[in-house]
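Heads up: the structure comes next, in structure tokens.
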Amino acid sequence: MTEKTALTLYLAAPRGFCAGVDRAIKIVELALEKYGAPVYVRHEIVHNKYVVDGLRAKGAVFVEELADCPTDRPVIFSAHGVPKSVPEEAQARQMLYLDATCPLVSKVHIEAERHHANGLQMVMIGHQGHPETIGTMGQLPEGEVLLVETADDVAKLHVRDPEKLAFITQTTLSVDDTAGIVAALQARFPAIIGPHKEDICYATTNRQEAVKAIAGRIDALLVIGAPNSSNSQRLVEVGRAKGCAYAQLVQRATDIDWRALAGINAIGITAGASAPEDLVNEVIDAFAARFDLTVELVETAKERVEFKVPRALRETA
């Protein structure tokens, strides 16, 4: 029997589920308990195939639009938030709906509405086409929210009145990249108003900080998460920016490219906010099967945030 090579695995903490994801999944599970199957969910409840498949097996039906739902079954809106037109359509069709929008995304929606009521035009820093960006921009009338993705986009902005502007951001962005875009906005529009408290959520920030803490000690970084998960993709970028030569996103242990990891002495593991701990354990087990493994936890923050589920579900819970 060949001797296993020694490998140190640095496990980043915090990692994986955040309070908003936890709440969204709980909403689907409690709705199934209360109303029975099927319960409809507009879009993936969170960006993770393993989670979505698990809920589908319990009786959740995932659809793209409300038009795909019958009116006599409950429908749940995903954690990323929805444009105002969606609950309006649900009300018009007399549907029972439950909103699983993360409270920290809702906070950005409220902020945008408040600035709009004060006559300000909004600039949103976000990724075009991401459900959260679509949902946030859809809180206000067309043309009231201008999207920028990079610092270069700031130079191309055509605003109504440079003295009457505010900015908001998607909650799952890279903290460092966003700081550069904010600086560009403030340089071009000195009067622009920013959020009271940063829009990038605590979980995104904490997971990025934990990756920065291990980046200097590792030869490679694996981020467990889905390709369409913004916060997971940002963790890969943070790892690369901090000098990690090999940083990859994997959905599961079966996706690991073992040849690319040949000869490494230290690996870093983290997980995006919508990736369950089961998948982290699966990856650790895969390394333990191949290497003489030492696991070291690197914890940069403790998370104690919890969000309540809607009252309609608390009554039965």
Side-chain angles (χ1 to χ4, degrees), residues 9-29 41 43-58 60 62 78-80 100 102 104-105 127 130-132 170-174 200-215 218 220-240 244 246-257 267-288 295 297-303 305-307:
L9 187 152
Y10 290 98
L11 187 57
R15 66 180 174 278
F17 279 3
C18 62
V21 164
D22 229 7
R23 172 180 179 269
I25 294 166
K26 217 173 272 168
I27 287 172
V28 180
E29 290 173 339
V41 185
H43 290 174
E44 289 189 345
I45 187 73
V46 296
H47 283 156
N48 189 278
K49 186 183 182 312
Y50 180 83
V51 171
V52 168
D53 287 348
L55 293 171
R56 193 180 277 123
K58 292 177 183 176
F62 293 88
S78 84
H80 308 103
C102 172
L104 298 177
V105 173
H127 296 292
H130 188 279
E132 187 188 325
Q170 194 178 321
T171 61
T172 54
L173 302 177
S174 153
I200 296 175
C201 80
Y202 78 93
T204 297
T205 306
N206 287 348
R207 279 150 193 68
Q208 290 178 20
E209 286 303 318
V211 166
K212 290 175 187 177
I214 60 173
I218 57 179
L221 172 72
L222 293 184
V223 176
I224 301 158
N228 59 344
S229 160
S230 171
N231 76 83
S232 303
Q233 293 284 10
R234 303 296 79 77
L235 292 173
V236 175
E237 292 168 6
V238 168
R240 285 178 188 154
C244 198
Y246 183 88
Q248 290 298 324
L249 186 72
V250 294
Q251 296 200 64
R252 305 201 57 161
T254 46
D255 300 329
I256 298 169
D257 180 354
I267 181 101
I269 302 287
T270 187
S274 40
E277 193 65 8
D278 287 2
L279 300 186
V280 176
N281 293 331
E282 182 184 276
V283 166
I284 294 171
D285 290 345
F287 276 95
V295 179
L297 182 73
V298 179
E299 187 168 48
T300 52
K302 283 212 186 300
E303 292 179 349
V305 181
E306 265 183 63
F307 296 132

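Here the structure is a predicted model, which means the values were calculated and not measured. Along the sequence shown, residues carry numbers from 1. Reckoned from all heavy atoms, side chains included, excluding hydrogens, waters and symmetry mates.
Between Glu209 and Lys212, at least one side-chain nitrogen of the basic residue sits less than 4.0 Å from a carboxylate oxygen of the acidic one, meeting the salt-bridge criterion.
Residues Ala13 and Ala210 come closest through the heavy atom pair O-CB, 3.5 Å. Taking all atoms of both residues into account, the shortest heavy-atom contact from Phe17 to Ser274 is CE1-O, 3.4 Å. Nearest heavy atoms, Ala79 versus Val105: O-CG2, 4.2 Å. Closest approach of Ala271 to Leu235, counting heavy atoms only: O-CD1, 4.0 Å.
For the pair Arg240 (side chain) and Ala247 (backbone), a donor-acceptor distance under 3.5 Å is present. Arg23 contributes no side-chain N or O that, together with a main-chain N or O of Ala19, makes up a donor-acceptor pair within less than 3.5 Å. Remark: side-chain polar atoms of Asn231 are paired, donor with acceptor, to backbone N or O of Ala273 under 3.5 angstrom.
Annotation: side chain of Ile45 is in contact with side chain of Phe62 (closest heavy-atom distance under 4.5 Å). Contact annotation: the side chain of Thr270 never approaches that of Ile214 to less than 4.5 Å [non-hydrogen atoms, C-beta and beyond]. Looking only at side-chain heavy atoms (C-beta outward), Leu11 and Val280 come within less than 4.5 Å of each other. Residues Glu132 and Ser230 fail the side-chain proximity criterion, which asks for heavy atoms closer than 4.5 Å. Two residues are said to be in side-chain contact when any heavy atoms from C-beta on lie closer than 4.5 Å; Leu221 and Gln248 fail this criterion. Gln233 has its side chain within reach of Leu249: a pair of non-hydrogen atoms, C-beta onward, lies under 4.5 Å apart. Within the 4.5 Å cutoff, the side chain of His127 has heavy atoms near those of the Leu173 side chain. Contact check for Ser232 versus His47: no side-chain heavy atoms found under the 4.5 Å cut-off.
Legend: salt bridge (Lys or Arg N to Asp or Glu O under 4.0 Å) pairs involving residues 224-233, not counting sequence neighbours: none detected. Within the structure, every pair that satisfies the salt bridge (Lys or Arg N to Asp or Glu O under 4.0 Å) test and touches residues 270-288, not counting sequence neighbours, is listed here: Arg15-Glu277, Arg252-Glu282.
Taking CG from Leu55 and CD1 from Ile25, the interatomic distance works out to 6.5 Å, rounded to the nearest 0.5 Å. Between atom CD1 of residue Ile27 and atom OG of residue Ser78 there is a gap of 10.5 Å, rounded to the nearest 0.5 Å. Put simply, CD1 on Ile224 and CD1 on Ile256 are 7.5 Å apart, with the number rounded to the nearest 0.5 Å. The distance from the CD1 atom of Ile269 to the CG atom of Leu9 is 4.5 Å, given to the nearest 0.5 Å. For the atom pair His80 NE2 and Gln170 CD, the distance stands at 9.0 Å (nearest 0.5 Å). Remark: Leu104 CG to Thr172 OG1 distance equals 11.5 Å, nearest 0.5 Å.
When the side chain to side chain donor-acceptor pair (under 3.5 Å) test is applied to Glu29, the partners found at least two apart in sequence or on another chain are Lys58. By the side chain to side chain donor-acceptor pair (under 3.5 Å) test, Glu44 is found to be paired with Asn228, residues two or more places apart in sequence or in another chain being considered. For His43, there are no ring pair (Phe, Tyr, Trp, His ring centres under 6.0 Å) partners, not counting sequence neighbours. Checked against side chain to side chain donor-acceptor pair (under 3.5 Å), Thr204 has no partners two or more places apart in sequence or in another chain.
Residues Glu303 and Asn206 have side chains that bring a donor and an acceptor to within less than 3.5 angstrom of each other.
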